[in-house]
Amino acid sequence: MNQGLYLSIRMGSLFDPKPVPQSVIEALTEAQVTSSVGSQSGFQMKFTVGKRSPILLNLLQSGYFDPRTRVIIVVTVNGTPQVLMDGIITKQDVTPANEPGQSTLTVTGLDLTAIMDFIELRDIPYPAMPRMAIVALILAKYAVFGVVPAVIPDVINLVQNPLERFAKHQGTDYAYINNLARSSGHVFFLEPGPEPGMSIAYWGPEFSAFLDPQPALSINLDTATNVESLNVSYDGLAARQLIATILEEKSHVPIPVPIPEISFLKSPLAEQTPPPLKSTWLPTARMPIAQAALTVLGALTSTPDAISVSGQLDVLRYGRLLKARQKVTVRGASNYYNGLYQVKNVTHTIKHGEYNQSFSLVRGGVKSSVSRVTV
């Protein structure tokens, strides 16, 4: 690999994966890892195998690449190690070829949230428990895999009277935790690291507003350019007016109430918010006040963003990894689209001697909210 780039892989049991044999590293032609807001992170590794390859003759036969095998991928860029993936293999593909050295083995997988998505559970009661306590209780069972919970309380603490009603578990742990997050205006994801074999399970409000922006993505700026391609899209249908309904006290007639934009729920990335072209009604009329407030918060934080940016960068030129779920600045895209964005999706593609990232960025409006960007 390149002098500024080093890749290491561990594979094996769910509890104690070991560094892979040298034959696995030599056969690896491409490793790809995707991290995305709102979905599970995934990975794919492609290996070139021959008829006498130890991968085909020994490792494949022994189940080394079978589903449920744990995989930890660590990349070191300019001396700084970063855990890209801690997950399990979910799929295996073997593609034989007539030409020598062209046969391939491809393994695909998901992060450790896949383990949380195996078994469906129903009607497990959580009486008189706030949502953060329910999430912490569910996540505790995954500590054996190195998962460390980071659970932040709700803005509005909703605890139901157990004599009247209480929460019941429905679906897999992953699905249920995600449902609780969405209905609270929170996010849930697993962040691999900081050490191999560890993952942080974050359940709480969007935190990018409290982090410094990552170094700027620059295009069309001569020697300062670090982005290979960039495309900006403005979707006018994404901006929406949310409308809640309340019941008039005496007549019980539903009354529509437009919900104003509350910028502190998201990091204020743009100076000008586009006018909404569509409206969305929220079914809050017969909800208790606390539950209705959480529903509104969840809808406000999940509203789609009108401005999206896609592109590709060379990691070795950028000098570090671009991370999803954090802010980044953009330069060279005109004054209308320069400035701060949230990184929604990042796909790492690692081959011998090269490391590229394709990315997508989002924000709610046009024109930069900052006068200077982080270089």
Between CG on residue D305 and OG on residue S360, distance to nearest 0.5 Å: 10.5 Å
Sequence neighbours excluded, every pair satisfying side-chain hydrogen bond (donor to acceptor under 3.5 Å, both in side chains) that has a member inside residues 54-70: D66-Q92, R70-D86
Backbone of L316 reached by a side-chain donor or acceptor of D314 within 3.5 Å: yes
The single option from E228, Q312, H348, K323 passing side chain to side chain donor-acceptor pair (under 3.5 Å) against Q357: H348
Shared-cluster residues of L221, by chain and number - hydrophobic side chains joined below 4.5 Å: none
Under 3.5 Å donor-acceptor, R325 side chain and S36 backbone: yes
T172 and D117: side chain donor to acceptor below 3.5 Å: yes
Pairs flagged by ring-ring contact (aromatic ring centres under 6.0 Å, His included) wherever residues 9-45 is involved - sequence neighbours left out: F15-F145
With T108, the side chain to side chain donor-acceptor pair (under 3.5 Å) member among Q44, K46, Q32, K91: Q44
Parallel, tilted or perpendicular, as decided by the 30° and 60° cut-offs, for the rings of Y176 and H169: parallel
I307 CD1 to S233 OG distance, which is reported to the nearest 0.5 Å: 7.5 Å
Heavy-atom closest pair, residues A31 and L7: CB-CD2, 4.4 Å
Separation between CG of L5 and CD of E354, rounded to the nearest 0.5 Å: 10.0 Å
Q170-D123 side chain donor-acceptor pair, cut-off 3.5 Å: yes
Minimal non-hydrogen separation, L269 against K327, with atom names: CD2-CD, 3.8 Å
Side-chain heavy atoms of M45 within contact of L28, under 4.5 Å: yes
Rounded distance (nearest 0.5 Å) linking atom OG of S39 with atom CG of N345: 7.0 Å
Minimum heavy-atom distance L112-S199, with the two atoms named: CD1-OG, 4.1 Å
Transitive ILVMFWY side-chain link L321 to V83, under 4.5 Å: no
All pairs passing ring-ring contact (aromatic ring centres under 6.0 Å, His included) where residues 311-336 contributes a residue, at least two apart: none
Over 12 foreign heavy atoms within 6.0 Å of CD1, I119: no
Flag, side chain of D93 to backbone of T104, donor-acceptor distance under 3.5 Å: no
Distance in Å, I72 CD1 paired with S8 OG, rounded so as to fall on 0.5 Å steps: 9.5 Å
Check: E30 and T349 side chains under 4.5 Å, non-hydrogen atoms: yes
Rounded distance (nearest 0.5 Å) linking atom CD of E206 with atom CD1 of I152: 12.5 Å
Exercise: identify the closest heavy-atom pair between A201 and F188: CB-CE1, 4.2 Å
Any P149 side-chain heavy atom under 4.5 Å of V135 side chain: no
G50 versus L56, closest heavy-atom pair with distance: O-CD1, 3.1 Å
N/O donor-acceptor pair under 3.5 Å between N338 side chain and G332 backbone: yes
4.5 Å side-chain heavy-atom contact, L217 and Y341: no
With E26 via side-chain contact (heavy atoms from CB on, under 4.5 Å) - residues at least two apart: Q22
Co-members of the apolar cluster containing V148 [side chain, <4.5 Å]: M198, I200
Exercise: identify the closest heavy-atom pair between L180 and I134: CD1-CG2, 4.0 Å
D173/K141 ion pair, N-O < 4.0 Å: yes
Between T347 and T34, a side-chain donor and acceptor under 3.5 Å: yes
